[in-house]
Amino acid sequence: MSDFEKKVLEFKNKLDQIKDNKLVETIRVEIFGKNGFINQEFKKIGTLSADEKKIFASSINKAKQELQDIIRSKENELINKELNEKLEKEKIDVTLPEKEFKIGKIHPVSQVIDEISCIFSEIGFSVEEGPDVENDYNNFTALNTPENHPAKDMHDTFYLDKNMKTLLRTHTSPVQVRTMLKGKPPFKIIAPGRTYRSDSDQTHTPMFHQLEGLHIDKEINMGHLKGCLNYFIKEFFEVKKIKMRFRPSHFPFTEPSAEVDIGYRIENNKIIIGEGDKWLEILGCGMVHPNVLKNCKVDSKIYQGFAFGIGIDRLAMLKYGINDLRSFFECDYRWLNYYGFDPLDVPTNYRGLSR
Ligand code: PHE
């Protein structure tokens with residue numbers, strides 16, 4: 001066997017053993033590259049006699065053809081192998097059970113905020129917002145709360161600094177202050193949001209929700225307040241008549257102040273709102289104190305009006321028959337699935353769409 005034939009055989013064996021297409025390419029360059037085996041052999045032809053030339057050239061061409069064919073089929077073989085491996089790996093098992101698909105629901109608190117906002121927007125209230133982290137001035141001082149007021153006690157308020165200047169708002173009333181300070185009267189707003197107090201039992205959670213209302217204009221009086229709340233409660237509970245009473249109360253930021261109770265009775269373990277001889281407190285309200293108007297740069301000789309603060313969570317519990325307030329905030333998916341609302345269902349009080 002000549003050196004040439006030995007070399008050709010060596011290449012054939014090498015190609016036979018290769019398992020990676022990148023190596024095929026390396027060998028292809030070794031054989032057919034500019035300075036590769038074939039070209040080197042052709043260069044030798046010049047030193048041969050005419051007869052030898054013919055024979056050698058034809059054996060080079062033969063080897064060239066052979067090696068080209070081997071490389072091509074090796075390449076095909078390896079590409080197919082790779083493809084089959086990939087197909088094998090990516091095989092989809094159609095018999096596997098599908099992944100659990102959880103559909104979200106609207107939390108009753110969000111639902112009730114939407115309903116209340118719709119009801120008040122029908123009579124011209126717009127929606128305002130304020131931050132959960134408030135300063136002592138907006139939460140207490142501007143609202144005419146004296147320094148020694150029990151609500152300022154460490155046990156009720158979550159303070160965020162040692163100087164007791166920054167806190168988690170204890171009610172939505174600071175939004176009254178913010179609204180009046182940034183605008184000009186008249187004001188007719190509601191402000192739903194989170195509020196915080198250091199309290200926890202079946203009907204109290206450290207975080208809860210309130211909805212503030214404020215209506216300031218030249219001739220707004222207690223009669224307007226009563227009419228407005230009467231309309232709201234009837235709309236919210238979807239009843240034609242409502243038993244409602246104003247109980248004298250005290251808030252530093254309203255004068256006179258009242259708490260509003262609604263009548264109810266229990267029938268077959270269900271609560272019937274609007275009738276019966278039991279009373280349930282649902283909100284605090286009153287005529288905005290002149291000192292608050294003064295603190296908020298509103299002229300109390302020209303302007304006056306009412307404010308109210310509604311406990312949203314309690315209204316949601318009443319309307320949708322939920323017993324434990326704490327369950328609202330436990331983030332239990334099963335609970336939400338049961339008490340939550342379908343986002344595509346139009347709420348009964350959503351007048352904006354149905355009218
Ligand atoms: N801010 C009062 C509370 O949290 C409620 C309230 C608001 C009372 C507005 C009067 C006027 O209890």
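Every number for a ligand or one of its atoms is a count from 1 in the order of the listing. Fair warning: this is a prediction, and the values are worked out from it, not measured in the lab.
Phe251 CE2, 3.8 Å is the protein heavy atom nearest to atom 12 (O) of ligand 1. The nearest heavy-atom contact from the protein to atom 7 (C) of ligand 1 is Gly309 N, 3.3 Å.
When Gly213, Gly311, Ala258, Gly284 are ranked by how near their heavy atoms come to atom 6 (C) of ligand 1, first place goes to Gly284.
Considering both main-chain and side-chain atoms, His171 comes within under 3.5 Å of ligand 1 through a nitrogen or oxygen pair. At least one N or O atom of Ser173 sits closer than 3.5 Å to an N or O atom of ligand 1. Between Gln176 and ligand 1, a contact under 3.5 Å exists for no N or O pair. Residue Gln210 places at least one N or O, backbone or side chain, under 3.5 Å from an N or O of ligand 1.
The residues Arg178 and Glu128 are annotated as not salt-bridged, no charged nitrogen and carboxylate oxygen being separated by less than 4.0 angstrom. Under a 4.0 Å N-O distance rule, the pair Glu75/Arg72 does not qualify as a salt bridge. In summary, Arg169 and Asp132 engage in a salt bridge, as defined by a charged side-chain N under 4.0 Å from a carboxylate O. Using a 4.0 Å cut-off between charged nitrogen and carboxylate oxygen, Arg314 and Glu281 do not count as a salt-bridge pair. Between Lys14 and Glu30 there is a salt bridge, since a side-chain N of the basic residue sits under 4.0 Å from a carboxylate O of the acidic one.
Ring pair Phe232/Phe120 is parallel by interplanar angle, where below 30° counts as parallel and above 60° as perpendicular. Below 30°, between 30° and 60°, or above 60°: for Phe140 and His171 the angle between ring planes is between 30° and 60°, a tilted geometry. Note on ring orientation: taking the six-membered ring where Trp is involved, the planes of Phe329 and His209 are tilted (angle from 30° to 60°).
His250 does not count as a contact of ligand 1, since none of its heavy atoms falls under 4.0 Å from the ligand.
Annotation for ligand 1: atoms under 4.0 Å from non-hydrogen atoms of Cys285 are 8 (C), 10 (C), 11 (C). Taking every non-hydrogen atom of Ala307 and a distance limit under 4.0 Å, the qualifying atoms of ligand 1 come out as 9 (C), 11 (C).
Contacts of Phe253 with ligand 1, taken as heavy-atom pairs under 4.0 Å, involve the side chain alone. When heavy-atom distances to ligand 1 are checked against a 4.0 Å cut-off, Arg197 comes that close only through its side chain, counted from C-beta outward.
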